[in-house]
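Chain letters run A, B, ... following the sequence lines, proteins first and then strands; every chain starts at 1. Since we're looking at a predicted model, the values are computed, not measured.
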Amino acid sequence: MSARLSEQEIQRREALQKLREAGIDPYPAALYPIENYSTDLKTNFEEGKKVVLAGRLMRKKVQGKASFGMLQDSKGKIQLYFNRDEVCPGEDKSLYNDVFKKLLDLGDFIGVKGELFKTQVGEITVKVTEFTVLSKSLKPLPVVKTDEQGKVHDAFTDPEQRYRMRYVDLVVNDKVRETFRKRTRLMNAMREFFNQKDYLEVETPILQPIPGGAAARPFITHHNALDIPLYLRIANELYLKRLIVGGYEGVYEFAKDFRNEGMDRTHNPEFTVMEIYVAYKDYFWMMDFTEQMLEHVVKAVNNGSTTVQLGDREIDFKAPFKRVTMIDAIKEHTGHDISGIDEKQLREVCKELGIAVDDTMGKGKLIDEIFGEKCEPHYVQPTFIMDYPKEMSPLCKKHRDNPDLTERFELMVNGKEIANAYSELNDPIDQRERFEEQLKLSEKGDDEAMFIDQDFLRALEYGMPPTSGMGIGIDRLTMLLTNQSSIQEVLFFPQMRPEKKVAAPNKSDFEKMGVPAEWSEHVMAVYGSVEEFRKAKPTQVHQQMNGYRKKNKLDITALQLPEVEAWFN
RNA sequence: GAUUCCUUAGCUCAGCUGGCAGAGCAUCUCCCUUUUAAGGAGAGGGUCCUGGGUUCGAGCCCCAGAGGGAUCACCA
């Protein structure tokens with residue numbers, strides 16, 4: 001925030017004032033009766049059609065008695081043609097000469113009525129017969145232009161400004177608006193897919209007394225009336241499973257989760273996850289379900305295509321996807337068969353592969369390290385990695401054929417995890433033991449081990465049917481489908497460090513201290529802010545201000561020292 | 001957290017060996033009745049991120065700090 005108004009801002013405020021003087025309300029209350037949208041008019045052109053539309057004026061090119069403009073509405077842009085004698089049929093030409101030419105700025109919202117025609121160059125244009133000021137814009141928007149070759153000039157690109165002022169980013173960068181539309185299309189398509197199967201969309205607590213369902217550092221807050229700590233959820237898994245206990249066949253939730261960890265290109269402290277749980281299913285069923293669902297979603301976002309271009313890679317979401325067990329993946333990419341070997345041997349393997357390990361790592365973590373380091377990047381096309389070690393998956397059912405493994409899969413796309421699913425653990429006694437193992441891990445130094453949720457165990461004791469659950473990172477999936485490499489590009493308002501606060505100096509702040517109105521402006525000019533002013537001594541201020549008065553030949557009575565001293569009391 | 005780069009007009013960016021703060025677009029004034037990122041002529045607009053230091057002189061060099069980007073580490 002700049003403390004002072006720029007020249008352009010001052011000019012816009014003056015224009016605002018002149019509009020008022022001309023009897024035009026720059027912020028009218030009444031609705032504007034929109035009947036048309038820019039892009040619709042362009043796709044279904046009808047010569048002479050009477051139209052009413054509204055939006056921001058994004059280009060203004062005056063050519064004497066005729067002018068061109070560009071109106072940007074929620075759907076796109078359309079050119080406007082203003083002819084002085086059409087806009088002002090009578091003697092009084094001030095609406096064109098003054099209001100349009102001088103008082104309208106780029107970024108102002110206007111409503112226009114007129115008729116459609118094609119210019120000599122063939123551009124579909126609205127010949128304006130009447131325009132209405134709907135909202136005056138007081139700050140200049142960056143002017144982004146695109147030439148015939150599609151090359152963008154003076155683009156608004158600074159990531160800091162784009163994220164801090166997303167509203168500006170959205171106004172001037174069409175592609176950004178499109179990215180977020182795709183995000184919504186993605187979620188709608190997913191929701192549609194689940195609803196067709198009659199699964200129930202639900203909401204579960206964001207404020208949780210025990211942050212369960214995942215291993216991560218939570219945000220903590222406090223409830224005053226109950227005088228207890230509450231945590232922002234790191235996952236909603238345990239609540240959704242309680243609903244399966246309660247008898248629903250399928251439940252899902254699009255959930256904002258919160259994790260108090262580092263921020264980077266793929267992590268934001270709050271992020272969106274879709275989790276779904278379906279009773280009487282196992283993880284094989286869930287693989288089929290997931291690949292069908294994704295194919296459906298990708299088509300919906302991508303206008304029917306199952307392929308997505310990411311740089312020079314083309315990714316095809318056509319079902320079915322490849323399936324590989326974790327042990328086979330490691331065998332394939334490292335040559336080591338880790339099935340049935342113990343922790344000590346695993347450490348040997350890690351050393352041989354040049355993977356850094358430490359003492360707090362258990363068997364599961366070691367295997368995960370090997371996979372993450374040596375295998376994960378190879379899975380570019382959608383691939384299910386199955387059968388994870390038991391230690392890594394405390395909420396997942398033991399593998400039906402191998403007690404060291406679990407019935408878990410992750411979906412890898414472009415070398416990254418997109419979805420995670422289990423045959424859910426529904427044996428309450430096994431679940432209690434797993435939680436206790438987590439407790440031991442945390443005593444060993446793993447600060448991400450899970451808390452024990454006694455109520456969740458009680459729910460399982462009442463009985464949960466065999467269930468399969470799946471979670472999918474909506475932000476990361478959106479990144480994939482919109483070819484974005486940072487999560488900030490798919491979140492409207494990504495977390496940022498707080499903006500540096502520049503105390504915007506204001507005359508009235510000085511007047512509150514007792515500085516008389518005729519002096520306040522000059523004191524502000526000399527000292528800038530109240531804070532700086534307070535640091536000065538009265539004697540110094542007295543001399544400084546009288547010096548300023550003399551230098552600028554101000555027509556104000558000179559200050560007396562006692563007067564100045566009074567300001568500081 | 002580490003490394004590294006960036007921060008100059010409303011926007012995008014130049015700025016040489018340390019020597020008067022620059023361009024394009026935007027803005028303002030004048031001219032122009034179908035233009036296409038760009039008609040013509042003229043004008044205004046700056047906390048060079050902040051604070052110190054070196055120097056006759058700092059946008060530029062040095063130190064510290066802020067914000068941001070990238071890479072790495074951390075993070076199922």
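- Put simply, the side chain of H153(A) and the base of rC25(B) share no donor and acceptor less than 3.5 Å apart.
- Between the P atom of rA76(B) and the CE atom of M386(A) lies a distance of 24 Å, rounded to the nearest Å.
- Using a cutoff of 4.0 Å between basic side-chain nitrogens and carboxylate oxygens, D282(A) and K397(A) are not scored as salt-bridged.
- Residue Q8(A) places none of its side-chain N or O atoms closer than 4.0 Å to OP1 or OP2 of rC28(B).
- A donor and an acceptor atom sit less than 3.5 Å apart, one in the side chain of Q79(A) and one in the base of rU35(B).
- Between the side chain of E417(A) and the base of rA76(B), no donor-acceptor pair under 3.5 Å is found.
- One P atom belongs to rU8(B), the other to rG59(B), and the distance between them is 15 Å to the nearest Å.
- Using a 4.0 Å heavy-atom distance criterion, N83(A) is classed as a base contact.
- For a distance-only test at 3.5 Å, the side chain of E123(A) qualifies as a donor-acceptor partner of the base of rU36(B).
- For R497(A), a side-chain nitrogen or oxygen approaches OP1 or OP2 of rG68(B) to under 4.0 Å.
- For rA58(B) and rC16(B), the C1' atoms lie 15 Å apart once the distance is rounded to whole Å.
- Pair assignment for rG65(B): rC49(B), on the basis of Watson-Crick or G-U wobble contacts that are both within less than 3.5 Å.
- The nearest whole Å value for the distance from the CD atom in Q161(A) to the C1' atom in rG67(B) is 11 Å.
- Across the strands present, rC25(B) finds its partner in rG10(B); the criterion is a Watson-Crick or G-U wobble pair with both atom distances under 3.5 angstrom.
- For residues 148-158 of chain A, no residue pair satisfies the salt bridge (charged side-chain N to carboxylate O under 4.0 Å, His left out) rule, not counting sequence neighbours.
- The salt bridge (charged side-chain N to carboxylate O under 4.0 Å, His left out) analysis of residues 56-70 of chain A, with sequence neighbours excluded, yields no pairs.
- Within the 4.0 angstrom heavy-atom criterion, only backbone atoms of the sugar-phosphate kind lie near K145(A); the bases stay farther away.
- Residue-to-nucleotide contacts include no donor-acceptor pair under 3.5 Å from the side chain of E160(A) to the base of rG67(B).
- Of the N and O atoms on the side chains of R233(A) and T204(A), at least one donor lies less than 3.5 Å from an acceptor on the other residue.
- If you take atom P in rU12(B) and the same atom in rG1(B), they sit 28 Å apart, rounded to whole Å.
- Mapped onto RNA chain B by nearest heavy atom, K102(A) and P140(A) fall at different nucleotides, with P140(A) at the one closer to the 5' end.
- Between rG24(B) and rA41(B), the two P atoms lie 12 Å apart (nearest whole Å).
- N420(A) and Y388(A) share no side-chain donor-acceptor pair at under 3.5 Å.
- Between the C1' atoms of rC6(B) and rA14(B), the separation comes to 15 Å (whole Å).
- Phosphate proximity of rG68(B) to R162(A): absent, as no side-chain N or O sits under 4.0 Å from OP1 or OP2.
- The CZ-P distance, from R59(A) to rU27(B), rounds to 12 Å in whole Å.
- Put simply, CD on E7(A) is 14 Å from P on rA43(B), counting in whole angstrom units.
- For the C1' atoms, the distance linking rG57(B) with rA21(B) amounts to 15 Å, nearest Å.
- Look at the C1' atom in both rA26(B) and rC11(B): the space between them is 7 Å, to the nearest Å.
- Interface remark: the T119(A) side chain does form a donor-acceptor pair with the rU36(B) base, using a distance-only criterion of under 3.5 Å.
- Put simply, OH on Y163(A) is 17 Å from P on rG67(B), counting in whole angstrom units.
- In this entry rG1(B) has rC72(B) as its Watson-Crick or G-U wobble partner, both defining distances falling under 3.5 Å.
- At least one cation-pi condition fails for R408(A) and Y422(A): the charged atom is not both under 6.0 angstrom from the six-membered ring centre and inside a 45 degree cone around its axis.
- For R164(A) and E160(A), the salt-bridge test passes: some basic side-chain N is under 4.0 Å from an acidic carboxylate O.
- Atom NZ of K101(A) is separated from atom C1' of rC32(B) by 9 Å (rounded to the nearest Å).
- The partner of rG57(B) cannot be assigned: no Watson-Crick or G-U wobble pair with both contacts below 3.5 Å exists in any strand.
- F117(A) comes within 4.0 angstrom of a base, heavy atoms only.
- Using a 4.0 Å heavy-atom cutoff across all strands shown, D264(A) reaches at least one base atom of the nucleic acid.
- Within the 4.0 angstrom heavy-atom criterion, only backbone atoms of the sugar-phosphate kind lie near T157(A); the bases stay farther away.
- Considering only side-chain N and O atoms, R164(A) lies under 4.0 angstrom from the phosphate OP1 or OP2 of rG68(B).
- At the heavy-atom level, R259(A) lies nowhere under 4.0 Å from the strands shown.
- At least one donor-acceptor pair closer than 3.5 Å links the side chain of K42(A) to the backbone N or O of K77(A).
- Phosphate proximity of rA76(B) to K365(A): present, with a side-chain N or O under 4.0 Å from OP1 or OP2.
- K256(A) has a carboxylate O that lies under 4.0 Å from a charged side-chain N of E270(A), or vice versa, which qualifies the two as a salt bridge.
- Between the NZ atom of K61(A) and the P atom of rC32(B) there is a distance of 14 Å, rounded to whole Å.
- Taking the nucleotide of RNA chain B with the nearest heavy atom to each of S485(A) and P142(A), the more 5' of the two is matched to P142(A).
- Listed candidates were rU33(B), rU36(B), rU27(B). Nearest to the side chain of L106(A) is rU27(B).
- Contact detail for A329(A) and F371(A): the closest heavy-atom pair is CB-CE1, 3.9 Å.
- Checking rA38(B) for Watson-Crick or G-U wobble geometry (two distances, each under 3.5 Å) identifies no partner in any strand.
- Within the 4.0 angstrom heavy-atom criterion, only backbone atoms of the sugar-phosphate kind lie near V143(A); the bases stay farther away.
- The closest side-chain heavy-atom distance from Q438(A) to K440(A) is not below 4.5 Å.
- Nearest to the side chain of H267(A), among rU35(B), rC75(B), rA26(B), sits rC75(B).
- For a distance-only test at 3.5 Å, the side chain of D158(A) fails to qualify as a donor-acceptor partner of the base of rG69(B).
- Distance D154(A) CG to rU27(B) P: 12 Å, rounded to the nearest Å.
- As judged by a 4.0 angstrom heavy-atom cut-off over every strand, V62(A) is placed among the base-contacting residues.
- Pair assignment for rU33(B) gives none, since no Watson-Crick or G-U wobble pairing has each distance under 3.5 Å.
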Using the side-chain contact (heavy atoms from CB on, under 4.5 Å) rule, take L353(A) and V349(A) through it: C-alpha gap first, then chi angles, then the decisive distance, then the call. CA-CA 6 Å; L353(A) 294 170; V349(A) 171; 3.7 Å; yes
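- Look at the P atom in both rG18(B) and rA43(B): the space between them is 33 Å, to the nearest Å.
- Contact check of residues 10-18 of chain A against RNA chain B (heavy atom, cut-off under 4.0 Å) returns Q11(A).
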